[in-house]
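Here is how names work: the chains are called A, B, and so on, in the same order as the sequence lines, proteins then strands, and each is numbered from 1.
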Amino acid sequence: MPSVGRSIPHESAAGHVTGTAPYIDDLPRYAGELVVGFVGAPFAAGRLTRIDTTRAKKLPGITEVLTAADLPPAAAPRFGPIFHDEPFLPTDEVAYLGQPLVVIAAENSDALALAKQAVTIEGDPTDPTLTIDQAIERDRYLGPIRHIRRGDAEVALKQAPHTLKGEFFCNGQEQFYLESQATLAIPEDDGNVRLISSTQNPTESQVVVAEVLGLPYHKVVCECPRMGGGFGGKETQGAIPAAMVAWIALRTGRPTRIVYDKTLDMCITGKRHATKAWYRAGYDDDGTLLALDVTFVSNGGAYADLSTSVMERTMLHADNAYFVPDIAITGKIARTNLPPNTAFRGFGGPQGIVVIESILQDIAQKTQRDAFDVRRRNVYGHDARNVTPYGQRVQNHVLPELFDAMETRCDYRARKSAVEKFNAESRTHLKGLAMTSVKFGISFTTKFLNQGNALVNVYTDGSVQVSTGGTEMGQGLNTKVKQLVADEFGIAPRFVRMMTTSTEKNHNTSPTAASAGTDLNGQAALHACTQIKARMAEFAAAQFADESRGLTPSPEHVRFADGVVFDERAPDRRLPFGDFCDAARRARVDLGARGFYATPGVDFNRETGQGTPFFYFTTGVAAAEVTIDRFTGDLVVDRCDVLMDVGQMINPGVDLGQLYGGFIQGVGWCTAEELCYGDEGQLLSKSPTTYKVPNATDTPRIFHVNTFPNPKHTINVRWSKAVGEPPLMLGIAPFLACRHALSFVNPDRLPPLNLPATNEALLMAMVAMRGSSGVDCAKNTKTSRREVPSK
Amino acid sequence: MTTTPPLPSPPADDAIRFALNGRLIDLAGRDALRPLSTLLRDRLGLTGTKVVCAEGDCGACTVLLGRPIDGTSQREERFDYRPVDSCIVFAFQCHGAHVVTVEGLHPTATGCTRQTRDKTNKPGTEERHDEVAGPCHNALTVIQNALVHGHGSQCGFCTPGIVMALHALRERGRDLSESSVRHALSGNLCRCTGYQQIFDACEALKDVQDIATLDDTYDEPALLQALTKNQGQGITLTAEVPCSLTLEGEGRSEGESHRGQERNGQSHKDQSRNGKTHDGASAERWMHASSLPTRTVTLRLPGTLDEALAVKREHPEALVVAGATDAGVWHNHGAPWPDHVLCVTALPGLSACDNNGDTLALGGGATWDTISDFLAPHFPALAEILDRFGSPQIRQLGTIAGNLANGSPIADSLPFLFVMDAAVEARSSSRGSRRIPVTSFYTGYKQNVLEPDELIAAVHVPKPADHERLHLEKTSKRRDMDISTFTAAIRLTLDQTGNTIETAAVAMGGVGPVVVRLPNTEAALKGQPFSEDTMRIAGQTARHEIAPISDVRGSAPYRFQLAENVFRKAFHQWNETPVMT
């Protein structure tokens with residue numbers, strides 16, 4: 001019986017529930033192991049004038065106190081995944097508050113804490129640039145300005161019967177993986193070092209560590225057994241701590257570990273980009289979009305990191321699931337004095353999608369039409385209105401079908417009427433109902449990253465080890481690859497073991513990101529299996545050949561199923577897979593292979609903004625109903641319905657987990673998760689005490705998550721679809737439901753509501769929309785829209 | 001540190017003793033002062049307990065803390081297990097208790113439903129598809145097994161804490177229905193699952209009867225005997241702890257609490273705690289030293305309230321620890337230990353709640369979980385607030401005296417106590433008891449009128465009269481496990497007709513450095529018709545009696561608006577204006 005399509009438990013589930021699955025800080029201490037920490041910049045911008053470590057160096061229990069001056073001469077001065085612009089340790093100019101300056105290795109944490117206090121750092125702080133508006137004013141940008149255009153948006157806007165002009169701000173988001181950044185470095189002989197790291201990107205860690213320490217890449221091995229969550233936050237951000245411990249390990253010859261505490265991690269690692277959009281939309285009386293001109297500026301932080309790729313995906317999702325005939329999309333990245341912002345599930349997609357969904361909601365209010373009807377009218381078609389602004393055809397999709405199915409399934413019309421009736425009657429609460437969609441492009445938009453490799457070893461008892469470049473962060477990649485491989489050999493998944501991800505087995509790999517982990521690594525593993533099976537089939541064919549029964553040797557008739565190998569022409573003779581493997585090895589058949597996969601057909605020219613960046617799209621729709629307390633703004637998400645086309649699921653239990661979890665993470669971004677900074681650039685919401693990710697009681701009481709069949713999807717591994725990121729963008733539905741609710745306060749005014757829709761933002765928006773009764777009305781509005789709240 | 005099977009030698013009077021997963025542990029010196037999670041992970045190698053925030057705000061470190069139930073008043077001698085955040089419980093608070101971690105959910109006795117694995121170890125000999133990867137497949141509790149098969153874990157980092165919170169539910173005899181589980185997990189953050197598959201996995205167990213409890217696993221009477229020997233005797237313990245540095249010419253503040261002052265109270269604390277300088281070694285002096293500079297901390301665990309008061313008289317500067325839900329956070333943020341620590345956790349005679357006719361007496365050491373149960377019949381509105389107070393884990397530790405002594409302006413209990421004209425009973429060993437109206441208890445931000453030798457022994461709350469209306473408001477960014485942005489209490493008595501307000505009391509928190517009564521607003525309500533218009537005027541009056549600031553939890557304009565709106569909200573709730581369809 002094949003295992004693909006069945007909900008077998010996550011491969012580490014038993015370890016999770018018993019606490020026996022180890023994370024970096026759980027690994028046993030080595031004798032003589034050092035603990036590493038650092039002292040960061042005391043200001044967000046300005047020049048350093050003095051770093052004094054003499055006192056710290058002389059304290060008992062302190063092994064190393066290092067600054068940039070101690071780096072080897074061969075060290076690369078800057079690193080970065082796209083642009084090499086970030087220093088490991090800055091020498092003169094500080095770019096964000098807390099930026100690592102002094103690395104300390106100590107015998108124990110008591111000594112480390114003491115030594116941190118004994119370091120003196122002096123400098124000339126300057127006024128930091130913290131917000132997008134400040135960066136625009138000061139003309140501080142990262143990377144080039146990009147455009148995607150089709151038709152002539154200016155002309156179309158002039159000709160459109162109606163236009164809507166506005167701006168929209170969405171705040172960033174902290175990944176809040178539960179296991180903070182952590183790496184253990186083990187020195188090996190001959191100046192080599194092995195890193196065991198909580199990273200989505202072992203290759204990047206290997207490369208950055210080698211470069212900043214001036215080593216050839218092959219002297220560094222990076223392994224990742226598992227992560228306690230990643231969500232994009234461990235795609236690049238693990239490199240600096242990994243470099244610290246590798247450096248100390250190589251200098252001292254002692255195993256060395258660094259584990260950030262949660263507050264430190266939140267304060268100095270990058271997050272989802274806050275993004276501001278300025279738009280003009282043209283539409284007709286029915287709410288059909290005719291033209292859109294939109295400019296996005298994201299808050300990139302101090303260095304480029306992945307910001308240009310993130311902005312690219314924002315721009316590539318400015319259309320979301322809707323056809324816009326004439327469109328001009330512009331993207332810029334503000335350079336500020338915050339830690340460099342980075343990947344977070346959705347990777348810029350949410351910031352693009354929320355803008356067009358808000359525009360459509362506003363058009364519905366303006367045209368006094370139902371927002372579902374407006375969206376449905378604009379959705380991509382099958383035969384016409386099916387080409388994206390960047391020239392890729394949207395094909396083999398079920399977007400209109402998803403809309404229509406959801407309308408029925410969630411009983412949209414009746415509930416919409418009920419909401420209207422409720423709002424007309426209730427003195428105390430407001431309700432809103434909205435449906436949004438997602439069309440998420442699958443593939444890295446940087447072409448070369450769309451590759452994966454895998455190593456498959458079959459042992460002589462028939463058990464199998466699989467290594468891929470993919471990392472396991474809870475998303476179930478290993479479980480799904482295990483199922484794929486098990487089915488290839490016709491054995492139970494428990495005989496397939498997924499090995500620790502390591503750059504010595506799988507090299508030059510891409511980050512486990514872009515939802516493409518299973519697509520790339522699963523295909524690569526299958527490629528390895530195909531090679532092994534071809535050799536096996538040839539050997540088996542000879543075994544099964546039987547001239548007396550007229551059976552000539554025929555590899556194509558060899559089958560691997562139910563734990564046995566047989567010739568389908570004579571299925572009565574069956575060899576147990578284990579015995580067969582043993583015999584094959586004795587016949588000198590190679591039972592191992594390395595597989596490789598490169599996604600076919602994807603290409604995108606970012607200079608022209610045209611191409612086919614995506615292999616396919618994962619799509620879905622969601623409907624959300626919310627209730628808002630008219631007196632306090634308190635928001636309750638009452639009900640959510642999610643319906644997605646995720647292809648043929650390899651593991652429904654795992655994939656549904658991605659849908660539930662991704663959706664709720666999106667709801668968190670849109671509602672209660674609010675990053676607040678002080679005037680000095682210090683993060684004020686720096687722990688779960690002040691930064692509120694969704695709680696168990698926030699999961700909607702009614703929460704229906706279902707998948708929708710798409711028989712037209714016949715590509716990708718086992719006809720599955722990537723599932724990690726897309727549901728997050730459906731978490732925007734409750735936000736639009738809030739805007740719908742607010743529209744009842746004053747139908748003549750568009751809700752002044754940015755993202756997140758905190759209780760405060762909702763209350764102040766209601767006050768602003770009522771206009772008359774509230775005291776300090778104008779002031780309140782300003783506050784609720786603040787990008788960076790002051791202390 | 002030693003671990004022994006429960007074959008008790010008498011505990012020493014300079015060490016604490018508790019049981020951990022069925023084994024006795026005696027601790028002296030610094031280990032007794034460590035957070036429980038540090039002790040478990042770094043000293044005992046029990047890394048199943050994870051630490052994320054070290055602030056009691058995520059629940060990843062949840063363990064079960066079982067306190068002995070007195071056999072004389074209960075049906076049998078056993079432990080009462082409650083979920084606690086082990087990152088903000090000091091080891092010494094576990095004295096006399098049984099701590100159970102995820103490693104201690106002994107599966108053989110807790111009802112493992114999984115049979116031993118297939119004997120076949122080679123593919124092709126026998127096939128089986130209902131499989132679990134990893135070690136200990138046959139060593140799962142029913143709850144663990146349900147999570148495994150229901151996809152209740154993804155990255156797995158929060159999972160041990162969630163398992164413990166679910167077992168805590170089971171230990172208290174509660175069911176595993178979705179509503180029960182939602183509430184029980186409101187102190188545990190999971191970033192991966194969105195919780196739904198956890199609910200569904202548990203829902204499937206709702207009617208399962210044979211989920212074993214810990215009294216099936218452990219020989220509790222033997223443990224109790226070993227732990228309760230010499231009960232009532234005080235313990236004095238000294239520990240060497242590292243100093244922090246005073247750099248010459250640099251007035252570095254030491255171990256400044258990042259957040260402790262904003263937490264919703266719950267731990268005892270004395271005023272001197274805000275002063276620093278219990279330590280401070282010169283960096284120059286310690287250069288080239290052979291070991292780190294240390295200083296001595298003296299910890300007292302009194303056996304009786306009288307002994308505790310004597311310690312407080314002798315060392316008025318002592319840090320008083322009851323629940324440690326603040327002190328634990330300060331510690332993890334680097335706050336230095338003061339020279340003297342007085343632990344009153346679970347001190348006999350301090351935690352009783354009594355119904356004294358016209359008033360209700362709440363023991364200073366009563367935890368919020370206890371108080372919530374005790375007060376709920378008298379004040380349903382308060383029960384709703386206490387349901388959201390901290391988290392289930394925090395409510396097992398935090399005490400009312402701690403909430404009062406910490407004196408946060410956003411402490412959830414204070415507006416209620418203010419409008420009820422509650423009295424704080426302070427006690428000293430030399431002068432006995434005195435009662436202080438809670439409305440005159442505070443003199444400034446986190447400043448109160450307690451004398452240095454006093455402890456808060458009890459809080460006395462008058463019972464509500466007929467014709468009273470009480471509304472309590474707790475506004476926070478997230479419904480559960482969040483510190484308030486704004487709090488309010490409105491208490492009105494109406495005349496016989498119910499149409500006129502006879503008396504009014506209004507208190508608000510989060511609108512200034514201390515919780516305040518609003519006399520002008522009260523005057524605006526008194527004698528007025530009980531109407532929405534009156535409430536509207538009261539709200540506008542309230543705006544002029546408060547002085548909120550903008551901070552990470554909310555802006556000043558937002559707080560002004562909440563203060564204005566809360567009166568009309570209360571009116572509609574009292575009148576049961578339809579809220580939901």
Take the angle between the ring planes of A/Phe631 and B/His572 and call it parallel below 30°, perpendicular above 60°, tilted in between. parallel

Could you tell me which non-hydrogen atom of B/Cys192 sits nearest to which non-hydrogen atom of A/Phe231, and how far apart they are? SG-CZ, 3.6 Å

Give me the atom names and distance for the closest heavy-atom approach of A/Val17 to B/Val163. O-CG2, 3.7 Å

Nearest 0.5 angstrom please: A/Leu763 CG to B/Leu562 CG, how far? 5.5 Å

Begin with the C-alpha distance, continue with both residues' side-chain angles, and end with the deciding distance and a verdict on side chain to side chain contact (heavy atoms under 4.5 Å, CB included) for A/Asn759 and B/Tyr558. CA-CA 10 Å; A/Asn759 299 337; B/Tyr558 173 46; 3.7 Å; yes

Report yes if the side chains of A/Leu59 and B/Leu292 come closer than 4.5 Å at any heavy-atom pair, otherwise no. no

Which residue out of A/Gly653, A/Ala672, A/Gly668 racks up the most heavy-atom pairs below 4.5 Å with chain B? A/Gly653

Out of A/Gln175, A/Arg29, A/Glu472, which one racks up the most heavy-atom pairs below 4.5 Å with chain B? A/Gln175

Rounded to the nearest 0.5 Å, what separates atom CZ in B/Phe199 from atom CZ in A/Phe703? 10.0 Å

Proximal component of B/Phe486, with respect to chain A [non-hydrogen, under 4.5 Å]: neither

Let me confirm one number: the NE2-NE2 distance from B/His151 to A/His10, rounded to the nearest 0.5 Å. 9.5 Å

Non-hydrogen side-chain atoms of A/Glu674 and B/Lys477 separated by less than 4.5 Å: yes

Which atoms of B/Ser476 are under 4.5 Å from chain A, going by heavy atoms: the side chain, the backbone, both sets, or neither? backbone

Rounded distance (nearest 0.5 Å) linking atom CZ of B/Arg553 with atom SG of A/Cys676: 10.5 Å

So do the side chains of A/Asn695 and B/Arg479 get within less than 4.5 Å of each other, counting heavy atoms only? no

Tell me, do A/Asp26 and B/Arg41 make a side-chain contact under 4.5 Å, heavy atoms counted? yes

Distance alone, cut at 3.5 Å: any donor-acceptor contact between the side chains of B/Ser153 and A/His16? yes

Is there a side-chain contact between A/Arg701 and B/Arg182 in this structure, where contact means two heavy atoms from C-beta onward sitting under 4.5 Å apart? yes

Working for salt bridge (Lys or Arg N to Asp or Glu O under 4.0 Å), residues A/Asp634 and B/Arg478: CA-CA 9 Å; A/Asp634 283 7; B/Arg478 184 174 66 197; over 6 Å; no

How many angstroms lie between atom CG of B/Asp200 and atom CG of A/Leu656, to the nearest 0.5 angstrom? 10.0 Å

Engaged part of A/Val654 at the chain B interface, taking heavy atoms whose separation is under 4.5 Å: both

Does any donor atom in the side chain of B/Gln561 or A/Glu760 lie under 3.5 Å from an acceptor atom in the other side chain? no

Would a 4.5 Å heavy-atom cut-off, applied to side chains only, mark A/Leu178 and B/Lys50 as touching? no

All side chain to side chain contact (heavy atoms under 4.5 Å, CB included) counterparts of A/Pro688, not counting sequence neighbours: A/Phe176, A/Lys262, B/Cys53, B/Glu55, B/Asp57, B/Leu189

Hey, are the side chains of B/Ile483 and A/Thr689 touching, using non-hydrogen atoms and a 4.5 Å cut-off? yes

Contacting region of B/Thr193 [heavy-atom separation from chain A under 4.5 Å]: backbone

So, do B/Lys569 and A/Asp629 sit near enough that their side-chain heavy atoms are less than 4.5 Å apart? yes

Can you say whether B/Arg191 sits under 4.5 Å from chain A via the side chain, the backbone, both, or neither, judging by heavy atoms? both

Of the listed residues (A/Thr671, A/Asp698, A/Val565), which shares the most heavy-atom pairs with chain B below a 4.5 Å separation? A/Asp698

